[in-house]
Amino acid sequence: MISENPLAELKKECEILLREALKKLQIEKSLIKQFTFEKPPVWDFGQLATSICFELTKQTAEKPLTLAQRLVQAMDKSKFSIVKEATAAGAGYINFHANFEQFSALTIESVRQLDADYGLVKAEKPLKVIVEHTSVNPLHPIHVGQARNPILGDAVARMLSARGHTVFRHYYVDDVGRQTAVIAYGYEKLGKPKPTEKPDHFIGKIYTITSCLVEINRLKRELERAKMVSAEEEILKINRELDDWMSIAFELKQKHPELFETLLQKIGEDLDPEKRINELNKAYEAGEENAKKLIREVSQFCLEGFKETLSRAGVLYDSWDWESDLVWSGLVAEVLQKLKQTPYVSVLGGVLEFEAEKVVGAFDLREKLGLRKDYAVPSLTLVRADGTTLYTTRDIAYTVWKFGKAEKCINVIGMEQSLAQLQLKIALYALGYGRHAENLTHFAYNLVTLPGYKMSSRRGRYITLDEVLDEAVKRAYEEVYKRSPQLPEHEKQKVAEIVGIGAVRYALVEVDPAKPVEFSWDRVLNFEKNSAPYIQYSHARACSILLKAARKPEKPAYNLLKEKLEQELVFALAEFPNTFIEATETLKPNLIAEYANTLADKFNTFYNAFSVIKAEPPELSDARLALVDAIRIVLKNALNLIGITAPERM
RNA sequence: GGGCGGGUAGCCUAGCAAGGAUAGGGCGCAAGCCUCCUAAGCUUGUGGUCGUGGGUUCAAAUCCCACCCCGCCCGCCA
């Protein structure tokens, strides 16, 4: 007999025993919301426990412990199968001990038979789900701050897919807006050069310098104007900003002297760079051919670089959605038109405003959206005075488009955009897409900071993901070189790549997304406990044992697995399906990381304490081999879910 | 000012939605373990006002209220 969820079988049996005992004692069980079982704090207390006796004795004078004892008495012992015994304990708990002779067999056999599918319990209702993630603006290389996004997004996508949903991974290419116009402007000024290095790095340099020079130019003009009217306070403010940018310019000049000089000269020729940038932006949104060609070309360069980096990290996409396409196809205008027809959009001083708060009132959304009683959602500007649209406006159209293709949408977007995401959701209600709104999830995550300051791509202050991956792989190579000199060179490199990338992914996925992460090389280059390499190493160890054994476990006697550690391992394996379900339903990839680490931990302890291959009698050796095989499978499945490869040697 | 998120040992972190028994880990520090299946490992020790104060409860890190600290947002930026 096998089961896709051995722990659920155990729970089921406990629940039946409990229900029958309650019935026998004629206890009113309507008092109980549901039968929940928890894991006792100490292994020897048993594997599952319930605290219902505390609730049941609320109305009566009976002590919880007395009731627990009576219930245990009333249980029909002849019906025990994977439950070995039930005991009343503490102040009134009922503890259930698993019958490991059977439970080990059930669990290990289930894992080994289901293999790559073990633990990945399918959802009752498979859905079409779009996970939009990464969506880094095509202006500069992806930096570690932004890298948290694809790593989390990819893990979530993998988990949902394993849950049986049809998942589409979408990258939203944000090519509309001032920023792309700035880079295109710089690129044009340079005479549209072909990249001489990794294209996103190439574009990133041009962008940073151009944006800095343009900013200085703009501030200088503002300063002039402020001086004319002697606005003292403003002058001070502008001067401060200007100083800031000048120091950035100084840094950039040091770093890239030639490029800096060229751009300084070329941009200097322009009386008003700002004007050209605005024209470019407007022309692009209008779909004018030259602007289209120029901006698409620059963006494409960047995306090429992104694809290279992300695919190296194991992150792939099903669709690249260009924001500009939504504008040119008329979808943005169409959605805008619909919004205008609602009573929630008004023209204020030449701009179009979406009054989100009115929608909240009209549709009674306050509670649904989790808003405080007297909080008024700020209104959102949809269209500028010059007729161009804003980011969130286009995102509304994009969301409508996405819901044409999927029943559920998950947007992996930094939590600093929470308000915009809220307004977007409210706009869906206003448009009459309430069901879509309810199936739209903002998967918010916190920032990655550098010690001292925020990473700023505008200022060129960032550590790129490429750098981090390179460094991690280099470190991993050194380790492999040291520890496994016998491996052939190409194997060493392959392992180093898997381990290095894994380490980075793990570091970014391990922490609760809601918490901020301070970047440190120590965190990312952790190769010891609580890291991907640690789990990968454990997996390789398991593989190594199986390889050395050079035999299949012919006649495993699971009843010989009597050691506490062995039973703890079995129980941990049995827990995996539940962990997976919970992690996926609550979108918490960090639970998977934590689970894998805990399992690896237990396995290493076991490895150190007992021998597998040479264990006597052979039936015990076989049982342990099967256990190791099951551990190997679950470690691999867990790692896969968070996009980390499990090497067989390292 | 308002909103959102975070606050758990020197540092990092789990647990909080569904309240339960002794708050789990890791790093660091100290001391040990390779003639034995991979030492990226294992063992032992060290370290806690769970931000503060109230409340609810048989039971609170977890729920409620107030306050404090940190971050983010409240743009005709994205």
Side-chain angles (χ1 to χ4, degrees), chain A residues 33-34 36 38 40-42 45 49-51 54-55 57-58 63-64 89-93 95 135 137 139 174 176-180 323 348-353 370-372 374-378 380-386 388-392 394-395 414-420 422 444 446-447 449 454 476 479-480 482-484 499 503 510-512 514-518 520 522-523 526-531 533-538 540-549 586 590-591 594 597-598 600-601 604-615 624-625 628 649-650:
Chain A
K33 303 158 271 181
Q34 57 179 356
T36 54
E38 65 234 31
V42 178
F45 288 0
T50 175
S51 54
F54 293 97
E55 281 178 63
T57 50
K58 254 182 195 167
K63 274 187 178 168
Y93 299 93
N95 293 332
S135 305
N137 295 357
L139 306 165
D174 187 11
V176 180
R178 210 190 99 91
Q179 296 184 79
T180 36
E323 192 179 16
L348 288 169
V351 305
L352 221 53
E353 288 284 321
L371 304 174
R372 293 223 172 194
D374 30 17
Y375 171 66
V377 181
L380 170 75
T381 303
L382 295 168
V383 180
R384 293 189 186 93
D386 70 358
T388 56
T389 54
L390 282 110
Y391 173 80
T392 309
R394 299 186 296 264
D395 206 3
M415 60 164 237
E416 71 278 5
Q417 288 196 46
S418 295
L419 177 58
L422 175 67
N446 216 317
L447 296 168
T449 54
K454 225 171 111 175
E479 295 291 320
V480 179
K482 208 162 60 193
R483 297 165 197 280
S484 306
V499 170
E510 170 224 13
V511 189
D512 182 339
K515 296 206 179 195
V517 167
E518 184 169 287
S520 73
D522 275 356
R523 191 191 275 270
N526 177 19
F527 283 39
E528 296 178 358
K529 265 188 114 143
N530 196 16
S531 73
Y534 175 72
I535 302 162
Q536 290 170 318
Y537 181 74
S538 313
R541 250 185 174 173
C543 291
S544 174
I545 294 174
L546 297 166
L547 189 74
K548 285 258 165 69
T586 57
N590 50 313
L591 295 185
E594 195 201 344
N597 187 57
T598 306
D601 210 345
N604 282 318
T605 305
F606 164 79
Y607 176 90
N608 245 266
F610 306 104
S611 57
V612 175
I613 299 171
K614 290 178 193 160
R624 284 187 179 159
L625 267 179
V628 170
R649 278 191 297 268
M650 60 188 278

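Remember, predicted model here, so these are calculated numbers, not experimental data. Each chain gets a letter, A, B and so on, in the order its sequence line appears, and its residues count up from 1.
In this structure, the NZ atom of A:K548 is 12 Å from the C1' atom of B:C36, given to the nearest Å. For the pair A:N608 CG and B:C34 C1', the computed distance is 10 Å after rounding to whole Å. B:A39 atom P lies 18 Å from atom CZ of A:F527, rounded to whole Å. The interatomic distance linking A:I535 (CD1) with B:G26 (C1') rounds to 12 Å, in whole Å. In this entry the distance linking CG of A:L348 with P of B:G75 reads 14 Å, nearest Å. In this entry the distance linking CD of A:E38 with C1' of B:A21 reads 9 Å, nearest Å. Computed from coordinates, the A:Y391 OH to B:C74 P distance equals 13 Å when rounded to whole Å. With rounding to whole Å, A:L422 atom CG is found 20 Å from B:C72 atom P.
Phosphate proximity of B:C76 to A:T381: present, with a side-chain N or O under 4.0 Å from OP1 or OP2. OP1 or OP2 of B:A17 has not a single side-chain nitrogen or oxygen of A:T586 nearer than 4.0 Å. For B:G75, the OP1/OP2 oxygens have no side-chain nitrogen or oxygen of A:R384 closer than 4.0 Å. Close to B:C33, at under 4.0 Å from its OP1 or OP2, lies no side-chain N or O of A:Y607. Distances shorter than 4.0 Å separate some side-chain N or O of A:K529 from OP1 or OP2 on B:C42. For B:A39, one of the phosphate oxygens OP1 or OP2 lies less than 4.0 angstrom from a side-chain nitrogen or oxygen of A:R541.
Taking each heavy atom of A:E518 and A:R523 in turn, the nearest pair found is O-NE, 3.4 Å. In plain terms, the two heavy atoms of A:N590 and A:E510 that are nearest each other are CB-O, 3.2 Å. When all heavy atoms of A:N95 and A:A49 are compared, the pair lying nearest together is OD1-CB, 3.2 Å.
Rounded to whole Å, the C1' atom of B:C27 lies 31 Å from the corresponding atom of B:G19. Rounded to whole Å, the C1' atom of B:G1 lies 37 Å from the corresponding atom of B:G48. Across the C1' atoms, B:C73 and B:C29 are found 41 Å apart, a figure rounded to whole Å. Distance noted for atom C1' between B:A14 and B:C74: 33 Å (whole Å). Across B:G71 and B:C63, the matching C1' atoms stand 26 Å from one another, rounded to whole Å. Rounded to the nearest Å, the gap between the C1' atom of B:A23 and that of B:A61 is 7 Å. B:C42 and B:U49: their C1' atoms are spaced 34 Å apart (whole Å). Taking atom P in both B:U62 and B:U52, one finds a spacing of 11 Å when rounded to whole Å.
Residue contacts for A:L390: at a heavy-atom cut-off of 4.0 Å it reaches the sugar-phosphate backbone alone, with no base atom in range.
The side-chain hydrogen bond (donor to acceptor under 3.5 Å, both in side chains) search around A:Y534 returns A:D601, A:N604, not counting sequence neighbours.
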Nucleotide by nucleotide, nucleotides 9-14 of chain B touches protein heavy atoms under 4.0 Å in the pattern (B base, S sugar-phosphate only, - none) ---SSS
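With A:R384 contributing its side chain and A:V351 its backbone, the two residues share no donor-acceptor pair below 3.5 Å. No donor-acceptor pair closer than 3.5 Å links the side chain of A:S544 to the backbone N or O of A:A540.
Stem regions for RNA chain B, each three or more consecutive Watson-Crick or G-U pairs with both distances under 3.5 Å and listed by first number, read B:1-7 with B:68-74, B:10-13 with B:24-27, B:28-33 with B:41-46, B:51-55 with B:63-67.
Counted within 6.0 Å of CZ on A:R649, heavy atoms from surrounding residues, nucleotides or ligands total 12 or fewer; the atom is thus considered open.
Judged by distance alone, the side chains of A:T388 and A:D386 do bring a donor and an acceptor atom under 3.5 Å apart.
Base orientation at B:C73 is anti, since its O4'-C1' glycosidic dihedral falls outside 90° of 0.
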Are A:L382 and A:T389 close enough, and set up right, to give a side chain to side chain contact (heavy atoms under 4.5 Å, CB included), and what steps lead you there?
CA-CA 6 Å; A:L382 295 168; A:T389 54; over 6 Å; no
Salt bridge (charged side-chain N to carboxylate O under 4.0 Å, His left out) between A:E479 and A:K482: does it pass, once the steps are laid out?
CA-CA 5 Å; A:E479 295 291 320; A:K482 208 162 60 193; 3.7 Å; yes
